[in-house]
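For reference, the structure is listed below as C-alpha cells.
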Amino acid sequence: MEFLNTLKGLGTVVNVCAIIAGGLIGTFFGKKIKESIQDSSMKVLGLAVMFVGLSGALSKMLAIEDGRLSAYGTIMMIISLSLGTLIGELINIAKGSRTHKVYIHPLPASPVSGQWRLSARFRTG
C-alpha cells in the first residue's frame, strides 16, 4: 500500500507532460504534417476523449447485481444536463465566449473529407 501512496498524483504529472510535448510537437512540426493526417488525428483523439469520459461516468452509473445490469444516478444526470443547458441559455454563454474573443463556429467543408468542421478561433485585437 505504501508504494501506491507514492504514485498519487503521477497521472496528473504524466498528463501535463504529454500535453506540453504534444503542444511543442504541433508548434514545431504542425505545418509539415499533411492536413488529412491532422484531421484524422483530431477525429481519433476526439473519439478517445469521448470514450474516456463516458467510461468514467458510466463506471459510477452502471453495476451488475444478481446477474442484471442496474443503472444509478440517471435522474441526477438528466437534471444536471437540463439545468446546465438552462443556465447556459439564461446567461447567454455563447455571447460570453464572443466577449472574451473566443469563437466557436462551423468552417466550410474540408476539400479532403467534404464534411463540415467546428473550429475554435482566438482573436488578438
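Quick note: numbers below take in every heavy atom, side chains included, and nothing from hydrogens, waters or symmetry partners. What you see is a predicted model; the values in this text were computed from it and never measured.
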Which value, rounded to the nearest 0.5 Å, describes the distance between [X] atom [atom1] and [Y] atom [atom2]?
X     : Y     : atom1 : atom2 : answer
Leu86 : Ile91 : CG    : CD1   : 10.5 Å
Met61 : Met76 : CE    : CE    : 11.0 Å
Asn92 : Ile87 : CG    : CD1   : 14.0 Å

Using the rule that two of Ile, Leu, Val, Met, Phe, Trp, Tyr join whenever any of their side-chain heavy atoms come within less than 4.5 Å, decide whether [X] and [Y] are in one cluster.
X     : Y     : answer
Leu62 : Met77 : yes
Leu58 : Ile64 : yes
Leu47 : Leu45 : no

Any donor-acceptor pair under 3.5 Å from Ser40 side chain to Ile37 backbone | no
What's the shortest heavy-atom distance between [X] and [Y], and which atoms?
X     : Y     : value
Thr74 : Ala71 : CG2-CB, 4.0 Å
Glu65 : Ser70 : OE1-OG, 3.6 Å
Gln38 : Ile33 : NE2-O, 3.1 Å

The residue among Ile19, Val14, Ile20, Val13 that forms side chain to side chain contact (heavy atoms under 4.5 Å, CB included) with Val16 is Ile20
